[in-house]
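All remarks here apply to the structure that follows.
Start at 1 and go down the list; that is how both ligands and their atoms are numbered.
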Amino acid sequence: MPDAQTVTEVKHWTDRLFSFRVTRPQTLRFRSGEFVMIGLLDDRGKPLLRAYSIASPAWDEELEFYSIKVPDGPLTSRLQHIEVGDEIILRPKPVGTLVIDALLPGKRVWFLATGTGIAPFASLMREPETYEKFEEVIMMHTCRTVEELEYGRKLVEDLVNDPLIGEMVEGKLKYYPTTTREEFHHMGRITDNLSSGKVFEDLGIAPMDAEDDRAMVCGSLAFNKDVMAVLESFGLREGANSEPREYVVEKAFVGDGI
Ligand code: FAD
Ligand code: A2P
């Protein structure tokens with residue numbers, strides 16, 4: 001199979017979410033935050049590929065992915081059954097807008113994600129360049145339930161306790177997870193917590209302003225659209241690789257969600 005990589009680890013977080021690690025092609029270079037096409041061969045032996053954010057940082061020897069399980073999804077109905085030693089297809093052509101280079105320099109960077117949209121930020125939170133470029137990194141992640149936050153919570157916990165990266169992250173990374181449909185210590189949609197100022201109060205930080213704040217957004221189409229309006233209300237403007245500005249956006253998936 002061309003572009004085959006071997007699965008080295010699989011973790012199931014909920015009945016709808018799992019993460020896995022695969023070997024990294026020696027020639028693959030990417031910028032933390034980018035995505036690639038991965039997949040499996042279909043019944044007729046043809047590659048069935050989908051876009052996936054690389055959840056591991058650029059320095060990692062392996063590649064990590066964080067995935068939804070769509071019950072009747074052409075790819076994930078099968079991908080969810082992969083085991084250590086299995087092979088997946090990985091096209092080594094990384095692309096994407098959620099890269100530090102697409103932002104103008106600033107003091108704080110906000111990572112705004114719902115659901116599996118945390119994947120590119122799982123990469124960027126573990127990327128030293130993020131902490132070299134910004135004084136503060138604020139990770140807002142919102143899911144319906146507490147168990148859906150667990151992948152991100154564990155990642156942040158491991159990062160803070162890491163003997164090498166922990167020191168770099170200490171005092172700089174602020175993690176603000178919320179739920180919307182189950183009781184939790186912090187609740188509410190990202191859009192509402194930004195608009196009302198609740199997140200600034202809870203974290204004891206200054207409100208967002210276009211001079212110092214930068215943002216990266218990854219969620220459903222509806223979420224992205226609504227967050228963009230909130231960011232624009234604070235004076236931030238959308239940028240791109242070719243034209244860095246105050247914020248960048250990428251879809252976590254195409255469609256209405258499940
Ligand atoms: P599809 O036919 O592709 O999707 C069926 C339906 O499931 C979609 O119409 C949509 O309503 C819903 N859906 C698909 N993906 C999601 C999701 N992630 N969360 C909630 N609902 C969803 N998926 C990941 O799980 N992890 C990633 O890191 C990731 N990165 C992506 C990056 C980009 C730039 C894009 C465009 C998509 C990304 N996706 C990611 C979505 C992914 O490409 C597939 O859609 C997903 O793996 C489901 O594939 P499928 O063939 O099983 O079902
Ligand atoms: P809510 O429960 O209020 O819909 P989903 O599972 O539907 O993809 O949603 C993931 C999370 O994103 C949920 O907590 C959901 O909140 C939130 N969300 C969905 N749509 C939006 C939106 N347009 N703006 C802000 N948050 C959203």
Side-chain angles (χ1 to χ4, degrees), residues 12-22 30 32-42 46-56 63-82 88-91 93-99 112-124 140-149 151-152 155 176-184 186-196 198-199 216-231 248-258:
H12 292 271
W13 299 90
T14 74
D15 58 355
R16 286 184 61 223
L17 295 164
F18 72 114
S19 62
F20 58 96
R21 293 173 71 87
V22 302
F30 68 97
S32 293
E34 289 185 314
F35 69 88
V36 286
M37 302 300 291
I38 66 169
L40 298 168
L41 292 180
D42 69 14
K46 283 203 173 155
L48 173 60
L49 302 171
R50 292 284 185 271
Y52 267 81
S53 295
I54 302 175
S56 47
L63 297 172
E64 182 174 313
F65 298 97
Y66 180 49
S67 180
I68 192 81
K69 304 175 196 175
V70 184
D72 54 358
L75 179 64
T76 57
S77 60
R78 293 174 49 214
L79 190 69
Q80 62 178 291
H81 300 296
I82 53 166
I88 66 155
I89 306 167
L90 188 146
R91 295 272 189 260
K93 289 198 181 65
V95 286
T97 53
L98 300 181
V99 291
L112 310 176
T114 56
T116 60
I118 196 172
F121 306 125
S123 174
L124 284 159
M140 292 182 80
H141 186 211
T142 298
C143 295
R144 295 181 181 198
T145 64
V146 178
E147 67 170 11
E148 291 172 339
L149 292 168
Y151 172 77
L155 190 142
Y176 192 85
T178 62
T179 55
T180 49
R181 304 197 191 189
E182 188 184 358
E183 210 50 48
F184 191 52
H186 287 109
M187 294 187 68
R189 288 180 160 200
I190 288 172
T191 38
D192 294 339
N193 287 326
L194 283 171
S195 301
S196 68
K198 186 173 189 303
V199 59
M216 292 186 168
V217 179
C218 191
S220 64
L221 200 59
F223 168 74
N224 288 2
K225 196 168 139 272
D226 291 348
V227 174
M228 286 167 74
V230 175
L231 294 176
V248 280
V249 178
E250 199 149 77
K251 284 192 287 286
F253 59 90
V254 181
D256 299 333
I258 49 169

Considering only heavy atoms, does L75 approach ligand 1 within less than 4.0 Å through its side chain, its backbone, both, or neither? both
So, is R16 polar-close to ligand 1, with some N/O to N/O distance under 3.5 Å? no
Quick check: V254 and ligand 1, any N/O pair under 3.5 Å apart? yes
If hydrogens are left out, which of A252, G96, S67, P74 has an atom nearest to atom 23 (N) of ligand 1, that is, the closest non-hydrogen atom? A252
Ligand 1 and K251, any nitrogen or oxygen pair closer than 3.5 angstrom? no
With heavy atoms of T180 as the reference, note each atom of ligand 2 found under 4.0 Å away. 1 (P), 2 (O), 3 (O), 13 (C), 14 (O), 15 (C), 16 (O)
For the residue pair T142 and T178, confirm or rule out a side-chain donor-acceptor distance under 3.5 Å. yes
Closer than 4.0 angstrom: is that true for some heavy atom of G115 and an atom of ligand 2? no
Ignoring hydrogens and angles, tell me if any N or O in the side chain of H141 forms a donor-acceptor pair with the backbone of G115 under 3.5 Å. yes
Does ligand 1 have a heavy atom under 4.0 Å from the side chain of A119, from its backbone, from both, or from neither? side chain
Quick one: does T76 get an N or O within less than 3.5 Å of an N or O on ligand 1? yes
Kindly say whether S56 contributes a backbone atom to a donor-acceptor pair with the side chain of S123 at under 3.5 angstrom? yes
Measure the distances from the heavy atoms of D226 to every atom of ligand 2 and state whether one is below 4.0 angstrom. yes
Test of understanding: with side-chain hydrogen bond (donor to acceptor under 3.5 Å, both in side chains), list the residues that count as partners of R78, not counting sequence neighbours. none
Please check whether S220 reaches ligand 2 - meaning an N/O of the residue sits under 3.5 Å from an N/O of the ligand, judged on distance alone. no
Does ligand 2 have a heavy atom under 4.0 Å from the side chain of R181, from its backbone, from both, or from neither? side chain
When you check the side-chain N and O atoms of E250 and T97, is any donor under 3.5 Å from an acceptor? yes
Exactly one candidate in F65, W13, Y66 meets ring-ring contact (aromatic ring centres under 6.0 Å, His included) with F20; the answer is F65
Nearest non-hydrogen contact with atom 42 (C) of ligand 1 belongs to which option: G73, A51, A55? A51
Consider ligand 1: state whether an atom of it lies below 4.0 angstrom from any non-hydrogen atom of G115. no
Got a donor-acceptor contact below 3.5 angstrom from the N193 side chain to the V199 backbone? no
Identity of the nearest option to atom 46 (C) of ligand 1, non-hydrogen atoms only, from Y66, F253, Y52, F65: Y52
N/O separation below 3.5 Å, I68 to ligand 1: yes
So which atom in A119 and which in S53 form the shortest heavy-atom distance, rounded to 0.1 Å? CB-CB, 3.8 Å
Beyond-backbone contact of F253 with R50, side-chain heavy atoms, under 4.5 angstrom: no
Just which atoms of ligand 2 are under 4.0 Å from any heavy atom in A222? 23 (N)
Below a 4.0 angstrom heavy-atom separation, can you tell me which part of T142, side chain or backbone, both or neither, approaches ligand 2? both
Would you say the side-chain atoms of K198 and H186 include a donor-acceptor pair closer than 3.5 Å? no
Between the candidates R50, R78, E34, E250, which shows the shortest non-hydrogen contact distance to atom 44 (C) of ligand 1? R50
NZ/K251: more than 12 non-hydrogen atoms of other groups inside 6.0 Å: no
When you compare the side chains of S19 and Y151, does any donor N or O come within less than 3.5 Å of an acceptor on the partner? no
